[in-house]
2 protein chains.
Amino acid sequence: MLSLSEENHLKSIFHLSLNSDSGVSTNSIANNLNTKASSVTEMLKKLSEKSLIVYIKYHGAQLTELGRKTALKIIRKHRLWEVFLVEKLDFKWDEVHEIAEQLEHIQSEKLTNKLDKFLNFPTHDPHGDPIPNPAGFIKITPKLKLSDLGIGETGKFVGVKDSSSAFLKYLDKRKISLGCNIKVLHQEEFDQSLHIGLDDTNLTISVKSASNLYITKI
Amino acid sequence: MLSLSEENHLKSIFHLSLNSDSGVSTNSIANNLNTKASSVTEMLKKLSEKSLIVYIKYHGAQLTELGRKTALKIIRKHRLWEVFLVEKLDFKWDEVHEIAEQLEHIQSEKLTNKLDKFLNFPTHDPHGDPIPNPAGFIKITPKLKLSDLGIGETGKFVGVKDSSSAFLKYLDKRKISLGCNIKVLHQEEFDQSLHIGLDDTNLTISVKSASNLYITKI
DNA sequence: AAAATAATTTAGTCTTGCCTAAATTATTAT
DNA sequence: ATAATAATTTAGGCAAGACTAAATTATTTT
């Protein structure tokens, strides 16, 4: 049985290792968990003791197969609970993260699997992220971006890749807000910029922007 | 924000104070929480600091109004989650306690109230215990006993008051098991013993036994 | 390649919540 | 009413998980 802190470190390492194939640095974990590097170092030693990570001093951590499965089981719970909160309890999909952060630590495989069934075995959470199976297996597919849609298709805007304030202001000015539906109307040939339809307005955005917007197909 | 341990101590004091109108003893709490008296003493000081209990050295603890409300909010969550587990996830009502012990500590009033609504504002949990309202108000009614039923009425057996092994053996021998439906068929005049109908058999039990069986009406 | 800078680890401390053993206070029995 | 027993508290310790400051190792710059 892992402690809450151990679980959070594993999860953090999992998420951070998606954007880098070498070891995950102590600092990035500390930053991710709002804690200090020295605290992370201690935890890395502990997780290493438990064969959940490979930890080489000064060179960060990598999940072992066991660690990866363990992380994915927690992530499975997180995402299932998010689906529950949105689909059954009518939460907005941007309100559920904090609550799911708590629920993901509830220990009961039976509960998780019954919840899965109750939700009719969903494959993705409300942010479009895939839900691992009971054994902690997941097919990692790159998240769908607006630029991946074809002409005529519609997606719901569920997240941003680069969340720099410049980009967020850009979205704000254009009234592109989380949760809104975006239809791809047309693509310019010369610069691949997209003409898109929002609720009632149409506008044009660059490929660069479009590939910064995560969406789920509708 | 209370720690998990603080919440558990409050809950324990609440439950123990139902069976005694003076202060709840240190030892009974320690016993209830599978911990040691000395640990409880420390926690009582802390809860007292926070105005959740009135604690007089060597004379146990009593909940303040604030402490009582706080305990009842936790109990509300516990019982709502139990209803969820049984009604929505198809758990057996005797499997849910341990899981609800974890879920009751999830912090989000919004979640609790949305869950309440989703469950259609249940008034009792699967064991027949009443569910406090959002403000932590509860109408304490003595739990329904088999001896409270009238002739012709049926109840589902949901718990025992005195759980001495003698009594449990008595039940076992008579094949009276948790969850079974019991119909009151007739009452003897001279000793008030009850003729009851189980699934397919009939038998007679004393008033004493009948008032040891908690039930919910059907 | 050495110096400067950044990242990481180590050492030492703190808090929470638990423990055991000893001391103190309440209760019960004679 | 006092002695014996039981309950409770105090004192002192321990492990987990966090922190700061100092020491060490990596990386970057010149």
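Worth saying up front: this structure is predicted, and the values here are computed from it rather than measured. Only this structure's heavy atoms are used, side chains among them; waters, hydrogens and symmetry mates stay out. Residue numbers begin at 1 in each chain, while the letters A, B, ... track the order of the sequences.
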Answer whether the closest heavy-atom distance between the side chains of A:V24 and A:I53 falls below 4.5 Å.
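No. Closest side-chain heavy atoms not under 4.5 Å.
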
Would you say [X] reaches [N]'s phosphate, i.e. side-chain N/O to OP1/OP2 under 4.0 Å?
| X | N | value |
| --- | --- | --- |
| A:Y55 | C:dT9 | yes |
| A:T41 | C:dT9 | yes |
| A:K45 | C:dT10 | yes |
| B:N27 | D:dT8 | yes |

[N] [atom2] sits how many Å from [X] [atom1], rounded?
| X | N | atom1 | atom2 | result |
| --- | --- | --- | --- | --- |
| B:L44 | C:dC18 | CG | P | 12 Å |
| A:L33 | D:dC19 | CG | P | 10 Å |
| A:Y58 | D:dT27 | OH | C1' | 13 Å |
| A:M1 | D:dA16 | CE | P | 14 Å |
| A:M43 | D:dA15 | CE | P | 16 Å |
| B:E42 | D:dG12 | CD | P | 13 Å |

From C-beta outward on [X], which listed nucleotide comes closest to its side chain: [options]?
| X | options | answer |
| --- | --- | --- |
| A:H59 | C:dC19, D:dC19, D:dA26 | D:dA26 |
| B:H9 | D:dC19, C:dC18, C:dA26 | C:dC18 |
| A:K36 | C:dT20, C:dC18, D:dC19 | D:dC19 |
| A:S38 | C:dA11, D:dT9, D:dA18 | C:dA11 |
| B:T35 | D:dA7, C:dC18, C:dG12 | C:dC18 |

For A:F118, is the NZ or CZ atom of A:K88 found under 6.0 angstrom from the centre of its six-membered ring and inside 45 degrees of the ring axis?
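So A:K88 does make the cation-pi contact.
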
Can you list everything that forms a ring-ring contact (aromatic ring centres under 6.0 Å, His included) with B:H97? Sequence neighbours excluded, please.
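Expected list: B:H78.
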
Checking all strands, does A:T26 fall into the base, sugar-phosphate, or nothing category for heavy-atom contacts under 4.0 angstrom?
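It contacts sugar-phosphate atoms only.
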
Contact class for A:S5 vs. all strands (heavy atom < 4.0 Å): base, sugar-phosphate, or nothing?
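It contacts sugar-phosphate atoms only.
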
Using 30° and 60° as the class limits, which term best fits the ring planes of A:F167 and A:Y170: parallel, tilted or perpendicular?
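A:F167 and A:Y170: parallel rings.
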
Cut-off 3.5 Å, no hydrogens considered: what does the side-chain donor-acceptor table look like for residues 30-41 of chain A, sequence neighbours left out?
{"from": "A:N32", "atom 1": "OD1", "to": "A:S12", "atom 2": "OG", "distance (Å)": "2.6"}
{"from": "A:T41", "atom 1": "OG1", "to": "A:A37", "atom 2": "O", "distance (Å)": "3.1"}

Start at the 5' end of DNA chain D and walk down; is the nucleotide closest to A:S3 or to A:K57 reached first?
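Closest to the 5' end, via its nearest nucleotide, is A:S3.
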
